[in-house]
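Below, chains carry the letters A, B, ... as their sequence lines are ordered, and counting in each starts from 1.
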Number of protein chains: 2
Amino acid sequence: MRLIVARCEVVYSGRLNAVLPEAVRLLMLKSDGSFLVHADTGGFKPQNWMTPVTVIEFEGEPPERIVVRKRAGKTEDRLDIRIVQILSDVEHDMGEASALAKDGVERDLQLELAGRPEVLGEGLHLVEREWQTDIGPVDLMCRDRDGAWVAVEIKRIATIDAVEQLSRYLERIQTLPGMAACRGILAGQRVVRQARTLAESRGLSWVEVDLASLRGEREPELTLFSG
Amino acid sequence: MRLIVARCEVVYSGRLNAVLPEAVRLLMLKSDGSFLVHADTGGFKPQNWMTPVTVIEFEGEPPERIVVRKRAGKTEDRLDIRIVQILSDVEHDMGEASALAKDGVERDLQLELAGRPEVLGEGLHLVEREWQTDIGPVDLMCRDRDGAWVAVEIKRIATIDAVEQLSRYLERIQTLPGMAACRGILAGQRVVRQARTLAESRGLSWVEVDLASLRGEREPELTLFSG
DNA sequence: TCGTTCATTTCGAAG
DNA sequence: CTTCGAAGTGAACGA
């Protein structure tokens, strides 16, 4: 990784056009071809950047100009850096950095609920995970104790969009033989208020579930089986 | 901005839990409180990070452990860095970096189309930009040559969500006196296939427009006025 | 603060 | 290759 701290001006042209006026910034060149321009403020996001695969050209020694190019379909993305003054220019060999191991994303929630659908409603049991419709897969397809179909849409944070998505699925599902009465449940670690309101107005159920509780407090939930 | 290159292990706990095993990484501390962990690969995204406002604690000199904390509602986000070996640790005073000046985002497209609504359909003329409904503003409200109402939803890239949004608006608009026949047009630099299909199935029009053409080729379009 | 929308989203998976 | 949906999305804006 090459780290250049320099007073520079940056011009981007591609999906849009943008200019960064002259100021001191960090230029970060990763070995995978990534190019990032960071200011000392502005949080998470670089002020400008180019994702791999790129071609990077240097002019001058020390560099006075850097051009980063990338093919983007029929057009070309281009980053043009005019360097006024270099304050630091170092290279570090970082070797391999192991990837991030995540836990708690939507998939984990879906897997837990697939194994414990009864927390979504008494007597509920799983028919299939990723149940296919002609417009995409429903997260969980279940039946309740009366044998009635129940489609479940799962989000980490369920917004109004999740309600729309579940509505679209139900629209299709209910045209299928024997599934006209299919119900819908929206499940999330959080279900925002407007999503609750819209869901209720459409006759959909919603439920907030906690991943930690799902995993840690198994025994209390299991009592439902005896109900 | 403080740049630390170090062999370290990173543990994140907050909205989810994640671990980065021991490896050489760049730790970036911005003066606004941002904390970013970058590997030499992985493109645009830091492997781990925390956005402002944060509290950063150092243990040891040179640092052996860094803890970054942040209040996130009722819980706490936390980044725990165990440093094995420091390869570099420098601080740069960067002063103020001016913000990015952009052109070509959705707002620019909306402004151009507001000035040239006839490209969306012959004889179309603008009534109002950001026309208010009780569930939010329609991007453009127009009338065609017959005086019929036309609501326009604009996206840089129009997906199925844009169709849902336009549908919701029309649902409301068509309840208003004299607007029961209001049509809908979906406009975007790109309109993805599923959006086209869903739009057509709901009786909505869609059109792809090019910002450069809108701006560059004004004269040919103007002939429509004489039609 | 909450909720919505946009983003040069990026990223990843699936067709 | 495109298409589609998730993201610790982030960030801006409005109620």
Q: With rounding to the nearest 0.5 Å, note down the distance linking OG in A:Ser13 to CG in A:Asp77.
A: 7.5 Å

Q: Give the ring-plane orientation class for B:Trp131 versus B:Trp149, where under 30° counts as parallel, over 60° as perpendicular and anything between as tilted.
A: tilted

Q: Flag the pair B:Ile135 / B:Arg168 as yes when at least one side-chain heavy-atom distance between them is below 4.5 Å, and no otherwise.
A: yes

Q. Touch check for A:Met50, heavy atoms < 4.0 angstrom, all strands: base, sugar-phosphate only, or nothing?
A. nothing

Q | Nearest-nucleotide pick for B:Val105, side chain only, options being D:dA6, C:dT10, C:dA7 | A | C:dA7

Q: Please figure out whether B:Ala195 or A:Phe44 has its closest DNA chain D nucleotide nearer the 5' end.
A: B:Ala195

Q. Rounded to whole angstrom units, what separation is found between the CD atom of A:Glu106 and the P atom of D:dG5?
A. 12 Å

Q: For A:Gly43, report the nucleic acid contact type (base, sugar-phosphate, nothing); a contact means any heavy atom under 4.0 Å.
A: sugar-phosphate

Q: Could you check which of C:dT4, D:dT3, C:dC6 has an atom nearest any side-chain atom of B:Glu153?
A: C:dC6

Q.
From C-beta outward on B:Ile160, which listed nucleotide comes closest to its side chain: D:dA7, D:dG5, C:dT5?
A. D:dG5

Q. Would you say A:Arg190 reaches C:dG3's phosphate, i.e. side-chain N/O to OP1/OP2 under 4.0 Å?
A. yes

**Q.** Stepwise side-chain hydrogen bond (donor to acceptor under 3.5 Å, both in side chains) test for B:Ser167 and B:Arg202
**A.** CA-CA 8 Å; B:Ser167 300; B:Arg202 292 189 179 173; 2.9 Å; yes

Q) Of the nucleotides D:dA7, C:dC6, D:dA11, which has the atom closest to the B:Lys155 side chain? A) C:dC6

Q: Return the 5'-most residue of the pair A:Gln132, B:Gly42 with respect to DNA chain C, ranking by each residue's nearest nucleotide.
A: B:Gly42

**Q.** Atom-pair distance (CD on A:Gln189; P on D:dA6), nearest Å
**A.** 14 Å

Q.
Output the rounded distance in Å from CH2 (B:Trp49) to P (C:dT10).
A. 14 Å

Q) Does B:Tyr12 or A:Arg168 map to a spot on DNA chain D nearer the 5' end, using the closest nucleotide for each? A) A:Arg168

Q. Of the nucleotides C:dT4, C:dA7, D:dA11, which has the atom closest to the A:Thr159 side chain?
A. C:dT4

Q) What is the distance from NZ of B:Lys102 to P of C:dC6, rounded to the nearest Å? A) 14 Å

Q: Report yes if some heavy atom in the side chain of A:Leu111 is under 4.5 Å from a heavy atom in the side chain of A:Arg107; otherwise report no.
A: yes

Q: Nearest-nucleotide wise, let me know which of A:Val192 and B:Ile157 is further upstream toward the 5' end of DNA chain C.
A: A:Val192

Q.
Nearest whole Å is fine: how far is C:dA7 C1' from B:Gln110 CD?
A. 16 Å

Q) Is B:Arg107 near enough to C:dA7 that one of its side-chain N or O atoms lies under 4.0 angstrom from OP1 or OP2? A) no

Q. Rounded to the Å, how far apart are A:Gln47 CD and C:dA7 C1'?
A. 16 Å

Q: Return no unless some side-chain N or O of B:Gln194 is found under 4.0 Å from OP1 or OP2 of D:dC4.
A: yes

Q. D:dG5 C1' sits how many Å from A:Glu164 CD, rounded?
A. 16 Å

Q: Evaluate the side-chain proximity of B:Leu16 to A:Asp103: yes if any heavy-atom separation is below 4.5 Å, no if none is.
A: no

Q.
Mind checking if B:Leu100 touches a base, just sugar-phosphate, or nothing, with heavy atoms under 4.0 Å?
A. base

Q. Does C:dC11 have OP1 or OP2 sitting under 4.0 Å from an N or O in the side chain of B:Lys45?
A. no

Q) How long is the line joining CD1 of B:Ile135 and C1' of C:dG3, in whole Å? A) 15 Å

